[in-house]
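Following: one structure in structure tokens, then a few remarks.
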Amino acid sequence: MQRALNVTRERFADWYQAVVRDADMAESSPVRGAMVIKPWGYGVWELIQQELDRRIKATGHENCYFPLFIPLSFIAKEADHVDGFAKEMAVVTHHRLKQIDGKLVPDPEAKLEEPLVVRPTSETIIGDAFSRWIRSHRDLPMLINQWANVVRWEMRPRLFLRTTEFLWQEGHTAHATEAEAVEETRKMLEVYRAFAEEILAMPVIAGEKPENERFPGAVNTYSIEAMMQDGKALQAGTSHFLGTHFAEAQNIKFQDDAGALSFCNTTSWGVSTRLIGGVIMTHGDDDGLRLPPAIAPRQIVVVPMLRDKPEDADVLAYCENLVKALSGMTAFGQPLRALLDTKKIKSAEKRWNWVRRGAPLIVEIGPRDAAAGNVTYMRRDDLRDGDKVKSIAKPRVDFVESAVQLLAEIQAGLYADAKARLDGNIKSGITSFDAMAAYFGEDDDSFKGWVRVAWSRPTGTALDAVEQKLKALKLTIRNAPEGQPQTFGTCIFTGAPGVEEILIGRAY
RNA sequence: CGGAGCGUAGCGCAGCCUGGUAGCGCAUCUGCUUUGGGAGCAGAGGGUCGUGUGUUCGAAUCACACCGCUCCGACCA
């Protein structure tokens, strides 16, 4: 069968790259590990930003912007933070270039007294501001968010999933009490969970990260984990309770109503352009991307079937009218995003381009449709009947009337499919490490998903040993899901009584 | 940074072993035909063969170095 892509999901890594390229999402750039996000991909990001920004503001946060450069001494203040990020920092050391022997090089005379780090995350520079902004308990809670780019010099980049520079939002808050900061951490995790599921149609498991997977400098780290179509986990968002670690390192103090000085409890939380990689690997199929309508830059694309004949004018007029009617409607609380594709390429080509890009509804209008007042359309979430493309013909009135409902159905359908995959592929009932090793070891290429097992939450060197044992099987602990049972089996690592259930799987 | 593979037209590849100065498919452009939907025929354009150095009368082809990409490790949103 002829498909819109020349790779299938059997070769998942190749397939992923083909979708990113053929759906016009992004491409690699001359800068190693840094990507160019193309209009279709950036359009998705803008919609993600828009809706998430709304939700972040609705929970009481305000947007700010902090500098891209962070003085090296700021980073040095929190010891764990240094350990965590030192190996992946871009550093600015000069402020001028000079021609030396015909080569343009950093001017040795223009060396900075203190090097500047390109932010890998902004706890330290925002914390510095907090230490000046916060004086009294009346200044708390301090609830700040910023949309920014950050740089982490990663070893192995992969478009959207792990790039040297990426776009994200980072929330940073300061609170009077530990309880309040912990509540904030959980609240934002819940915002991410709801956003991923409702808007990205990407079901996730929210839970707490084990100690060895914590953010450098955090007391607790929580995550939402999504299951990709190859069974691997993608950490799609994180929320950190930082305790007073950063407050102590940066002197973020407030005076309480009794006049006593205390350190603030702080939090930070973020999601990035990685979410787009998650959407691709959650919903894509062998014909390319399938976008949830809520984040599709174009929800309905109308392709006129033009034939260089006089009746083309009628077809175009009919299409323009249809797009106008659709654009006046409201879907997902916003004006419906419809497009008439008038690009001067073959109509068949247009159709397949929109299939690859994942436009939820693709409408094709020929002279007979126009004359009879009909539309012919395809649902991207239900594109084929066997090998054949499923074209649905309907009176125009009916289509326009049902368009919003159709988009809602597609959104719900994509979520339901992904939810069934997630729920159906978390294996419980494994009670020993060997049984788990056997499960992941057999027929190595097949779809494995995750396992849910009990453990005794070892710490220190015992946890290191667990980590190493898992690493040998290419496994990691994803998180301890919310909603734990009352009783637990024995720990598959230590044989001690379990205190918690955790998810284990392969990950991106 | 360690192991493996790969860099030849926009994309996918052949040619390399056995050195003789570049080819195929798709895409692009032009013309004609076709038209309920990924069309056919004819013609055309497009390449310092990743970069550099070396061997040679002659290098895509052989040697060395470097750069980049992909996969597997280490790192990670």
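The sequence lines fix the lettering, A, B, ..., with proteins before strands; numbering per chain opens at 1. Source: prediction; values computed, not measured.
When distances run from any side-chain atom of R384(A) to the nucleotides G38(B), G37(B), A77(B), the shortest one goes to G38(B). With C71(B), G73(B), C75(B) as the candidates, the nucleotide lying closest to the side chain of K474(A) is G73(B). Considering only side-chain atoms of E88(A), the nucleotide from A77(B), G38(B), C76(B) that sits closest is C76(B).
Using N1 to N3 plus N6-O4 or O6-N4 for Watson-Crick, or N1-O2 and O6-N3 for G-U wobble, each under 3.5 Å, C76(B) pairs with nothing. Base pairing of A63(B): its partner is U53(B), meeting the Watson-Crick or G-U wobble criterion (both donor-acceptor distances under 3.5 Å).
Residue D369(A) is in base contact, counting any heavy-atom pair closer than 4.0 Å across all strands shown. Within 4.0 Å (heavy atoms only), R11(A) reaches no atom of the nucleic acid at all. Residue contacts for A236(A): at a heavy-atom cut-off of 4.0 Å it reaches no nucleic acid atom on any strand shown.
By the 4.0 Å N-to-carboxylate-O rule, R193(A) lies close enough to E190(A) to be salt-bridged with it. Using a 4.0 Å cut-off between charged nitrogen and carboxylate oxygen, D385(A) and K390(A) do not count as a salt-bridge pair. Looking at K38(A) and D24(A), a side-chain N of the basic residue comes within less than 4.0 Å of a carboxylate O on the acidic one, giving a salt bridge. One finds no salt bridge joining R158(A) and E154(A) here, because no Lys/Arg side-chain nitrogen approaches an Asp/Glu carboxylate oxygen to under 4.0 Å.
Only the P atoms considered, G38(B) is 31 Å distant from G46(B), to the nearest whole Å. Atom name C1', nucleotides U21(B) and C57(B): the rounded distance is 13 Å, in whole Å. Spacing of C1' atoms, G47(B) relative to A60(B), comes out at 11 Å, to the nearest Å. Nucleotides G31(B) and C16(B), compared at atom C1', are 39 Å apart to the nearest Å. Nucleotides A14(B) and C6(B) place their P atoms 10 Å apart, quoted to the nearest Å. With C1' as the reference atom, G15(B) and G25(B) are 15 Å apart, rounded to whole Å.
Checked against the 6.0 Å centroid criterion, the rings of W168(A) and F166(A) qualify as a close aromatic pair.
One interatomic measurement links the two molecules: CH2 of W153(A) to C1' of A77(B), which rounds to 17 Å at whole-angstrom precision. Per the geometry, CZ belonging to F215(A) stands 10 Å off C1' belonging to A77(B), to the nearest Å.
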Problem - Check against side chain to side chain donor-acceptor pair (under 3.5 Å), E184(A) and H61(A) - result: CA-CA 11 Å; E184(A) 165 78 7; H61(A) 305 84; 2.7 Å; yes

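Here W168(A) does not count as stacked on A77(B), because the ring centres are not under 5.5 angstrom apart with planes under 30°.
Donor-acceptor pairing under 3.5 Å, judged by distance alone, is present between the side chain of R162(A) and the base of C76(B).
Remark: R11(A) fails to qualify as a cation-pi partner of W15(A) under the 6.0 Å distance and 45° angle criteria applied to the six-membered ring. Within the cation-pi definition used here (under 6.0 Å to the ring centroid, within 45° of the axis), K77(A) qualifies as a partner of F74(A). A cation-pi arrangement is absent between K474(A) and F440(A), since the terminal nitrogen or guanidinium carbon is not both under 6.0 Å from the aromatic centre and inside a 45° cone about the axis.
Put simply, the residue from L340(A), I365(A), I300(A) that forms a side chain to side chain contact (heavy atoms under 4.5 Å, CB included) with L322(A) is I365(A).
A heavy atom closer than 4.0 Å to some atom of RNA chain B occurs in S272(A), R274(A), these being the qualifying members of residues 265-283 of chain A. Sorted by residue number, the members of residues 339-352 of chain A with any non-hydrogen atom under 4.0 Å from RNA chain B read K346(A), A348(A), R351(A), W352(A).
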